[in-house]
Enquirer: 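Quick one: this structure, given as structure tokens, is what I'll be asking you about.
None of the values given here were measured: they were computed from a predicted structure. First listed ligand is number 1; within each ligand, the first listed atom is number 1.
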Amino acid sequence: MKTTNKIKDVKNIIKKIKNSNQTIGFVPTMGYFHDGHLELMRRAKRETDFVVVSIYVNPIQFGKGEDFDKYPRNLQRDIKLAKKVGVDLVFAPDDSEMYPKSEINGDNFSTYVEVKGNLTKTLEGKFRPGHFRGVATVVAKLFNIVEPDIAYFGQKDYQQLLVIKKMVQDLNYNIKIIDVPTCREKDGLAMSSRNKYLSQEERKKATCIYKALMHANDLIEKGERNAYNIIKEMKRIIQSDTSKIDYISIVCADTLKNLKVLKGKILVAVAVWIGKTRLIDNIVKEV
Ligand code: AMP
């Protein structure tokens, strides 16, 4: 497995891979790997010839006061894990490589990709303004650097997945986007690098998120179609264990528009604070 922090190296390697007609699978990450990340890599390994993983904590997708500085990082451990699952190339750039001062006019980086409309206004977009602009911009850059045939994203960040799919469609990227189901701990908590922030007591409380999602699932299975009733029940389960609920929403899984009555492919999405840690999770269902 090769590792580099230079765009030029990646481009040289990719050129050779393309010349030998091999397909390229790509998994963009912010590192501090858990099994969810590794599952994306395993899937890429099964479906493509050459797997590239990027590790980059992208500063422009974090808002002021968010956890950019304390976001967990452990590059050496990540490299070992990537190697173990058979990744071919790890690209771990620093900020000066990704957002250098322009050689054109000396300005800082000044081109951004913004997916407009409801997809980025709602849910995470409401609570993290500018987040998806940062995500779309860095992923657009990474796609141009890596030129993958297939890129893999987790359903855990369902809204991000839709934003990337929209960007790929709108900007005519020739890249297939694959969504990978959410990997969970034994008690249902969605794996996340941010789970590291949780104290032992908070870790126990965090299971309320999955419990609430599973309760919503049961209610829907039993025939409940009224979003308000389901959300009320979920709030009851979550409220006692959280310091704040950012949202519990039931929306159309394609447009992310709010639903009063459940119909078609739906997304039940949750963002809550367990102490000082903000966690998100969701389920997708066809009703
Ligand atoms: P991150 O490093 O958190 O930016 O995540 C990198 C990729 O891994 C994204 O596509 C995430 O959606 C995906 N991912 C994160 N957590 C999970 C999980 N528990 N299961 C599946 N995919 C995940």
Side-chain angles (χ1 to χ4, degrees), residues 25-48 51-63 66-68 70-75 77-79 81-82 85 87 90-93 98 119 123-124 128 131-143 146 148 150-168 175-198 203 206-207 209-210 213 253 267 269-271 274 277-284:
F26 179 41
V27 181
T29 80
M30 299 205 297
Y32 208 77
F33 293 157
H34 48 68
D35 213 46
H37 294 116
L38 301 181
E39 197 49 39
L40 267 60
M41 296 174 211
R42 288 187 201 108
R43 178 93 189 259
K45 188 74 194 159
R46 285 200 298 274
E47 297 177 356
T48 60
V51 176
V52 183
V53 171
S54 64
I55 300 175
Y56 181 56
V57 185
N58 173 36
I60 69 164
Q61 72 186 64
F62 288 80
E66 289 188 357
D67 58 343
F68 173 71
K70 67 167 187 171
Y71 197 85
R73 295 160 168 92
N74 190 340
L75 185 59
R77 175 177 170 271
D78 286 349
I79 287 172
L81 289 170
V85 297
V87 168
V90 168
F91 174 47
M98 290 301 278
L119 276 191
L123 304 175
E124 288 300 282
R128 304 186 68 190
H131 170 65
F132 288 117
R133 181 173 102 134
V135 169
T137 301
V138 81
V139 173
K141 283 170 69 67
L142 291 166
F143 280 178
V146 176
I150 309 181
Y152 297 83
F153 290 85
Q155 280 173 8
K156 153 93 175 14
D157 302 283
Y158 189 87
Q159 190 174 10
Q160 168 174 283
L161 186 64
L162 289 192
V163 170
I164 299 300
K165 281 184 177 167
K166 186 78 178 117
M167 179 189 81
V168 161
I175 300 171
K176 186 173 172 189
I177 304 298
I178 299 272
D179 27 329
V180 179
T182 303
C183 285
R184 299 181 177 282
E185 303 288 354
K186 278 203 185 86
D187 59 9
L189 180 67
M191 288 183 186
S192 163
S193 307
R194 289 189 168 99
N195 292 349
K196 181 184 157 52
Y197 300 147
L198 301 170
R203 173 64 188 77
T207 56
I209 302 168
Y210 187 65
L213 286 170
L267 172 77
V270 176
I274 308 285
T277 305
R278 187 176 184 278
L279 299 177
I280 59 169
D281 199 353
N282 67 76
I283 53 169
V284 179

Enquirer: Quick one: ring-ring contact (aromatic ring centres under 6.0 Å, His included) partners of F91, sequence neighbours excluded?
Expert: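 Listed in chain order: nothing, the list is empty.
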
Enquirer: Using a 4.0 Å heavy-atom cut-off, which part of P28 comes near ligand 1: side chain, backbone, both, or neither?
Expert: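 Within the 4.0 Å criterion, P28 contacts ligand 1 through backbone atoms alone.
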
Enquirer: Any idea which atoms of ligand 1 are less than 4.0 Å away from a heavy-atom of F153?
Expert: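 Those atoms are 10 (O).
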
Enquirer: Provide the number and element of each atom of ligand 1 under 4.0 Å from a heavy atom of M191.
Expert: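 That gives atoms 16 (N), 17 (C), 18 (C), 19 (N) of ligand 1.
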
Enquirer: Note the single closest protein heavy atom to atom 4 (O) of ligand 1, along with its residue, its atom name and the distance in Å.
Expert: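 Looking at atom 4 (O) of ligand 1, the protein heavy atom closest to it is M30 CG, 3.5 Å.
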
Enquirer: For atom 20 (N) of ligand 1, what's the nearest protein heavy atom and its distance?
Expert: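 The protein heavy atom lying closest is C183 N, 2.8 Å.
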
Enquirer: Go through the steps to decide whether T207 and E185 satisfy the test side-chain contact (heavy atoms from CB on, under 4.5 Å), and finish with yes or no.
Expert: CA-CA 10 Å; T207 56; E185 303 288 354; over 6 Å; no

Enquirer: Surrounding NZ of K70 (heavy atoms of other residues, nucleotides or ligands, distance under 6.0 Å), is the total greater than 12?
Expert: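 Check passes, neighbour count above 12.
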
Enquirer: Test the R73-F68 pair against the cation-pi criterion, namely NZ or CZ under 6.0 angstrom from the six-membered ring centroid and within 45° of the ring axis.
Expert: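 Checked: cation-pi criterion met.
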
Enquirer: Given that the side chain starts at C-beta and the backbone is N, CA, C, O, which of these parts of P181 lies under 4.0 Å from ligand 1, counting heavy atoms, or is it both or neither?
Expert: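 Only the backbone of P181 comes within reach of ligand 1.
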
Enquirer: So for atom NZ, which belongs to K45, do other residues, nucleotides or ligands contribute more than 12 heavy atoms lying within a distance under 6.0 Å?
Expert: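 Above 12, so yes.
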
Enquirer: Counting only heavy atoms, which portion of L40 has something under 4.0 Å from ligand 1: side chain, backbone, both, or neither?
Expert: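 For L40, only side-chain atoms sit under 4.0 Å from ligand 1.
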
Enquirer: Going by heavy atoms, is R184 under 4.0 Å from ligand 1?
Expert: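 Not so, R184 does not reach ligand 1.
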
Enquirer: Using a 4.0 Å cut-off to any heavy atom of T182, which atoms of ligand 1 qualify?
Expert: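 Close to T182: 19 (N), 20 (N), 21 (C).
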
Enquirer: What I'd like to find out is whether the side chain of Y158 reaches to under 4.5 Å of the side chain of F153, using heavy atoms alone.
Expert: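 The answer is no, as the side chains (C-beta and beyond) never meet within the 4.5 Å cut-off.
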
Enquirer: Quick test: of every protein heavy atom, which one is nearest to atom 17 (C) of ligand 1, and how far off is it to 0.1 Å?
Expert: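 Here the closest protein heavy atom is H34 CE1, 3.6 Å.
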
Enquirer: Can you report which non-hydrogen protein atom sits closest to atom 10 (O) of ligand 1, along with the distance?
Expert: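 I find the closest protein heavy atom is G154 N, 3.0 Å.
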
Enquirer: Indicate yes or no: does an N/O atom of D157 lie under 3.5 Å from an N/O atom of ligand 1?
Expert: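 Between D157 and ligand 1 (N or O atoms, distance only) the closest approach is under 3.5 Å.
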
Enquirer: Is there a side-chain contact between V284 and N282, using heavy atoms and a 4.5 Å cut-off?
Expert: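 Yes, their side chains come closer than 4.5 Å.
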
Enquirer: Between T29 and D78, is any pair of side-chain heavy atoms under 4.5 Å apart?
Expert: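 Side chain of T29 against side chain of D78, heavy atoms only: no contact under 4.5 Å found.
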
Enquirer: With respect to H37, determine whether any N or O atom, backbone or side chain, lies less than 3.5 Å from an N or O atom of ligand 1.
Expert: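 Yes - when backbone and side-chain N and O of H37 are compared with those of ligand 1, one distance drops under 3.5 Å.
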
Enquirer: Specify the closest pair of heavy atoms between Q61 and M30, including all atoms of both residues, with the distance to one decimal.
Expert: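 Scanning both residues completely, I find the closest heavy atoms to be NE2-SD, 3.6 Å.
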
Enquirer: So is A190 polar-close to ligand 1, meaning N/O to N/O under 3.5 Å?
Expert: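 No - when backbone and side-chain N and O of A190 are compared with those of ligand 1, no distance drops under 3.5 Å.
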
Enquirer: Heavy-atom distance under 4.5 Å between the side chains of K165 and D179, does that happen here?
Expert: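 With C-beta onward as the side chain, the pair touches.
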
Enquirer: I'd like to check whether V180 has a polar contact with ligand 1, where a contact means an N/O of the residue lying under 3.5 Å from an N/O of the ligand.
Expert: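 No, no N or O pair falls under 3.5 Å.
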
Enquirer: With heavy atoms under 4.0 Å as the rule, classify the contact between E39 and ligand 1 as side chain, backbone, both or neither.
Expert: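 No part of E39 is near ligand 1 at this cut-off.
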
